[in-house]
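Following: one structure in structure tokens, then a few remarks.
Residue numbering restarts at 1 for every chain, and letters A, B, ... go by the order of the sequence lines.
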Amino acid sequence: AAQDISEFRIGILGGENAQDRMNSNECLRAYTEEALGVPTKLFAPADYAGVIQGLVGGTLDMAWLGASAYASTYLQDPEAVEPVLVKINLDGSYGYHSIGFARKDSNITSLDDMEGKVFGFGDPNSTSGYLIPSIEIPTYKDGVTMESGAYFGEVKFTGGHEQTIVAVNNGDIDGGVTWADGQGDWEDGYNSGALRKAVDAGLVDMNDLVQIWKSKPIPEGPIVLRKSLPADVKAKMVALVDGMYEADKDCTYAISAGESLGFDPITHDAYVSIVEARKAKSQ
Amino acid sequence: MAMLDTNADLRAQTEQIFRRKRLITLAVPSLILAYLVYIFFSFDIAGLWQRADGRNAQILISDAYSYKTHVTRDNRTGAVSVAIEGEKKGRYPEGESPYWVDLGETTFVDLEGGHSVTFGPDLITYVNPDIGTSTFRVSRSQGVVADYPFPLDEMPEWINASKNRVAITTDAGRLTITRNRAEVFRYFTGWELFFFTLDSPYHGLGFGALLSRAVHGEAGAILSDFWNNPMWLHKEVAWAIFETVLMAFLGTFGAALVALPLAFFAARNFAPMMWVRMGARRFFDFFRGVDALIWTIILTRAFGLGPLTGALAILITDTGTFGKLFSEALENVDEKQIEGVQSTGARPAQRYRFGVLPQVTPVLLSQILYFLESNVRSATIIGAITGGGIGLMLTQAILTQKDWEEVTYYIVLIVLMVMLMDWLSGLIRARLIKGDEAGH
Amino acid sequence: MLTFEKLTKSFGTKTAVDAVSLTIDRPMMVGVIGRSGAGKSTLLRMMNRLAPATSGSFTFEGRDITELRGRDIRAWQSDCAMIFQQFNLVPRMDVVSNVLHGTLNRRSTLATLFNLFPKDDIYRAIDILERLGIAENAAKRAEALSGGQQQRVAIARALMQDPKIILADEPIASLDPMNAQIVMDALRRIHEEDGRMILCNLHTLDTARRYCDRVIGMRDGRVVFDGTPDQLTTGVARDIYGAEADFSEEATSTDISVLNTARRARLETAS
Amino acid sequence: MLTFEKLTKSFGTKTAVDAVSLTIDRPMMVGVIGRSGAGKSTLLRMMNRLAPATSGSFTFEGRDITELRGRDIRAWQSDCAMIFQQFNLVPRMDVVSNVLHGTLNRRSTLATLFNLFPKDDIYRAIDILERLGIAENAAKRAEALSGGQQQRVAIARALMQDPKIILADEPIASLDPMNAQIVMDALRRIHEEDGRMILCNLHTLDTARRYCDRVIGMRDGRVVFDGTPDQLTTGVARDIYGAEADFSEEATSTDISVLNTARRARLETAS
Amino acid sequence: MADLTHAHRPTTDLHQSYMALVGRRRLYSGIMLAIFVALMVSGFNLAASRNGGSFWGGLPNILDYPSEVVSEALSKASEIPGHIVTYFPALLETVNIAAVATLIGALFAVVLSLLSTRGMAAFPRLTGLFRRTMDVMRAVPEIVIALLLIFVLGGGPVPAMIAIAVHTAGALGKLFSEVNENASLKPVEGLQSVGASWSQRMLLGVVPQVAPNWLSYALLRLEINIRASAILGFVGAGGLGYELKVAIQWGQGKFDEAGAMFLMLFLTIVFFDQLSSHVRDRLTHGQRVKG
Ligand SMILES: Nc1ncnc2c1ncn2[C@@H]1O[C@H](COP(=O)(O)OP(=O)(O)OP(=O)(O)O)[C@@H](O)[C@H]1O
Ligand SMILES: Nc1ncnc2c1ncn2[C@@H]1O[C@H](COP(=O)(O)OP(=O)(O)OP(=O)(O)O)[C@@H](O)[C@H]1O
Ligand SMILES: [Mg+2]
Ligand SMILES: [Mg+2]
């Protein structure tokens, strides 16, 4: 019963100001408090690691993770959390892409031109900013590896999507990867994603950038719940978020950071390949 | 000795001394210089200078004291919206606009100095008083079709154009056109909406007007509108500052309480057994050597995210620091006082209470208060990594790289907070140590 | 009532107190003299059990003090007050609190840790201070007092212990002649009025002569003289101090009248 | 060659030097006496431009020194050496370096910072030290010397400046009579051999009488006496010092023979 | 003797007035203690209520994370020497950042402190200004300056170096000027009287007096700065902190690397800590007159 828990703690992530994130998710917090009848707290740590720690340590009850971060949590403790819902794009899919890009004036137009150049990942726990490109890029052609100093001159972590974009734009690194939904037009920075945010903020001009690589679709990260939560709490939360699109479109917009068709149920099976990929990386 | 020295001897001797002194005085700066040269190359400072991005510095500085208002036209629906900083929270209500924007079938945006932009039903026009009028037409298939008042091969560098996108940047503002939308910003000086957002009835009122309304019973509402300002988040910022100070306070004093008894085990005169002392010291070294930041990461697993974790991380590190400092203070105590108390037949606890504590309290207090101030700064950093507080808000604002005015606001607050703590701890130190507390 | 038997204390190879045997059979004021390093302080510190004896024993009213352990030592210490050359007060605490430290052994640890002394003790402390003529300083910090006043606070602390015996280790060595006299007068008066035994290390002969009933002379850890003040002739003093023939008693004097002539001369030299 | 005109210095409402007018027309050894607070130090400090004058002027060889600014002040200071009561040497540096500081104004800052003093200067410093009889201490740190030796190092520094005028502010006040005599003898000898003008604050009459060619008496910032040592009678001295009738000259004397009696008495009191 | 002359004041009066004093003092210390305890307790409760997990609930799990790291590091123990070699250049960078920053910061601190010490200042009217400057330099956390500079200069050691140097200049400047205040002005005046310029007065008159204390503080600062430099690595300023962050964020699978770096960082900090306290002990030895 909901009475078995004394409070409900939600971890939130994303490339926004911590306070902006808190504010966007305020409606979710209020709904949760109403639905469960216990005080609900939001936590917006600086990076994935904090949320993963919280989930594994059992001090967070719910979070919206990236696929890779979910895999990390699963690998550390398979019994810690279970995926319950995933965001559905406007076209009904639940995937996005990792986009490789470079500055136009560097004359790099594809991964072929990146040989010997500096390549940047984002956060090591990011699916599109590290995990998927680190596995898919080496399949681009023979001889491509992600070892620093092998195919690429140097491989770095910039710390996050925003930093990658700025670093490429500044010329600190020659190419990097970030995420985008892959819909809409390049010159707008696609319909949503880190590039679009940077364009909207006036940080970069898409005319200065070119796309050099695009991954296969990556499953959107799941909303997870702590496994040891009482069953009725889980059920209530799934119902709440699942029904959000019908109940409150503004709140859906706020928590999914853009236009979407709301959330649909999902299970661990959708992430098995990501977990395997991450496991391979951890050896 | 001296008597045998002839003047010539003395001269030779002194000269030699001076040669050595010269060598030393020259050697130290030379070594420093050599090290700096090594660093110059190893940190690639020359290369850095080339890579340094002046434009970023400019964005940072100009954004710190100014804001921009976006006028955006959705090219598919033709709808025009006006928003401060382009954010939803700063959006003007439907149909309203600032004085320099004329909404309508054709929207006219005045950029001052003769520059202007017009969003027509089909055409977008940009008027530059020096160059002339450029017009743009957007189509799904052809992209952005431009018509400039100059030949295409004389394209000025402030226009960045490609098939699907045109960006024009001038001092007056910036115009971007893509197939989906067209957008103009205009820069204004100041921190717009700092007090009230557009949806507040008090937005735009002068101080006098506000005061008179406040007197007429609206003070609460005015304060609440300011306090809950969704753009500047004063309430959250205040909480964050408080949380930061709270972490520092709990961490520092908690550490002092834990370290005080432990320090006795590390002081030569109180722990005669070598291995106890060494054990205690290595224990302190360990707590201090693993930085607060790493403790934060370790503790997050057990205690979750939040200020308590940050406070505990400070507590653990400072236990190490205080343990060392306190044990040094204890080693310097005056034995006479202890012996005096001991000679009356006092028990060990009483000996420490009356023979030792009154001596060390001023020293310890001053150290604790000094650390309180420096921990406020550490708490900012710890918060930035996981805990919360103003540090998190600040680093996030910096990392997302757009809200420089908020960054400025936070930095000013942090500097004020640290200076306030510095001043306060100085004040308490002076009071407690000089003032007659009679050692109780 | 008080017997030393071959009481010895060595520091490494150095024997500071060397097989001292003595008996003192009734409360009296005993002066111990001897030059620096003779072992006077060490003797007193062993008696108070601030330091353990190396061998030999020291019995008081039939009880072997050198045998005591733990809480018995502390109980003995509370019966045997000690006054130090440097006063050994807690300078940052007020005078009454310092005097109250004399009761620490009798009160519960917990109460004293929080400075909770019974009202009666406080009254008694003030009364003792009054008896010593420094009651008006009761609320001041000890460090704010002059040397003579501080030493009287130390005496008050000793009296507060209501001890059977008072040990004083050169109580007037850091005091000027004026204050020295006040302090010695106070000790003598306590001896006479309360009948307590007082053992007092002194480094000046005339003080010993003037105030003590019995004088013990030490040299290199051994007792080389034991007698009444009258028996303490200049010749004996030379033996005790191991002094050359040019030994002048004045050089160790603290008598005010002796000093005054010298002082007058000194004052003249200052502009 | 040296003229004061209504030279005045005020600190807030307090006038330390009050409209002093004087002329000294040839190099001589001038003593300035007066009791503590009379304004002696302030007068010398104004002359050396360590402190600016409030009003009035002071000219040397026709140049108005009170008007100088910036580098001219420093040039003047290098012509006008100053010797202090507390020597004001750099204690952690060796004696020769301290003496070489006398050349700082003439050498480039950078060279001096790296200890690059010309060889000739070093030789001259040693010669001066030899002249003052302390050459064997050349390599020691200044702080390792006795007061009298330190003061002679200060004089050596002054000579190193090759100054036109030497100011000495109570150069012997922190010295014992023995060293005082050595230092005053040295100053007198410099005056006689090199013919430099010396202005010397003194707080003892007999020193002034013995060493100076002319004595200036100050009281409350004003010059109340100006004459030869012979004119300096006890009556005049009483005026200068504002002393009562019980004024005894001995009280301010530093003459060794006078002191010896008093000293002997004092030595006796110490054990 | 003097005793009886003081007896004019009735004892009961003294009793009463002292008891009143004691009562007042007890009250004050009681109130102070109560306020302190209340602040601590309510602060703790507040912090706990805003925290994800509770204090008592988390206490038993405190070793979870370290034991995970250690067990993984142990299971791959053979790789640790390799990691140490790999990451040694990063460690060197971290130490270099700290060393240069301390050096540059200390040089600025020397100038600032001399400019802001009464009696030594070249521009006595501006001492207040220099003091405030140091206060501000001290008050801005390094991480703020580092992040701003990373934005302008890009990642790497230089932003961290500048950030730490700025903070060091402010912090050491204050300590140095306290040392300066205790220095004797006599040599300075002596040098002034020979016509020495300001820089000569300072370098020849002040520096020899205060240099050992300055050096001692600078060494203490070096030790602090090594930590700071490691932390700044966490926000992308290069060095071992950056590598450690990448490993820690990845979590399981890289704990052997994290463990190796942990160890390196810890040993380095302890090494410099011991070195600096040893050297400082020798520098200030014999000068502890003030205590
Ligand atoms: N803790 C100690 N460790 C080693 N030697 C000690 C110690 N205490 C005293 N001594 C030595 O024992 C001898 C006797 O010392 P003690 O202090 O008893 O002499 P004293 O007669 O009190 O002299 P003073 O007049 O100087 O106080 C001295 O030689 C002293 O050096
Ligand atoms: N810096 C200062 N600020 C305020 N008052 C001062 C200052 N220097 C000196 N005075 C005052 O000026 C007066 C003259 O002082 P000065 O030092 O010249 O006397 P002096 O004759 O040298 O005395 P002494 O023999 O004590 O050195 C004194 O009353 C002194 O208090
Ligand atoms: Mg002794
Ligand atoms: Mg003077």
(message) To the closest 0.5 Å, what do you measure between CG (B/L312) and CG (E/L59)?
(response) 8.5 Å

Compile the donor-acceptor pairs under 3.5 Å between side chains in residues 246-254 of chain B and protein atoms, sequence neighbours left out, one pair per line.
from, atom 1, to, atom 2, distance (Å)
B/T252, OG1, B/A248, O, 2.4
B/T252, OG1, B/N375, ND2, 3.0

(message) Can you tell me which portion of B/W295 sits under 4.5 Å from chain E's heavy atoms? Options are side chain, backbone, both or neither.
(response) neither

Could you give the side-chain donor-acceptor pairs of residues 151-158 of chain E under 3.5 Å, partners two or more places apart or in another chain?
none

(message) Using 0.5 Å steps for rounding, measure from the CD atom of E/E142 to the OG1 atom of B/T380.
(response) 10.5 Å

(request) Would you mind checking which part of E/I226 comes under 4.5 Å of any heavy atom in chain B, side chain (CB onward), backbone (N, CA, C, O), both or neither? (result) neither

(request) Let me know if E/R26 has heavy atoms under 4.5 Å from chain B in its side chain, its backbone, both or neither. (result) neither

(message) Under 4.5 Å from any heavy atom of chain E, what part of B/F40 do you find: side chain, backbone, both or neither?
(response) neither

(message) Report which part of E/L39 has an atom under 4.5 Å of a heavy atom belonging to chain B: side chain, backbone, both, or neither.
(response) both

If you look only at distance, which donor and acceptor atoms sit under 3.5 Å apart when one is on a side chain in residues 30-38 of chain B and the other is two or more places apart or in another chain?
from, atom 1, to, atom 2, distance (Å)
B/S30, OG, B/L26, O, 2.4
B/Y35, OH, E/N96, OD1, 2.7
B/Y38, OH, E/N96, ND2, 3.1

(request) Please flag which part of E/L147 lies under 4.5 Å from any non-hydrogen atom of chain B: side chain, backbone, both or neither. (result) both

(request) Sort E/F262 into side chain, backbone, both or neither according to what part of it lies under 4.5 angstrom from a heavy atom of chain B. (result) side chain

(request) Name, in order of residue number, those residues of residues 240-249 of chain E that have a heavy atom at a distance of less than 4.5 Å from a heavy atom in chain B; otherwise write 'none'. (result) E/L244, E/I248

(request) Give a yes or no on whether a salt bridge exists between E/E68 and B/R301, defined as a side-chain N under 4.0 angstrom from a carboxylate O. (result) yes

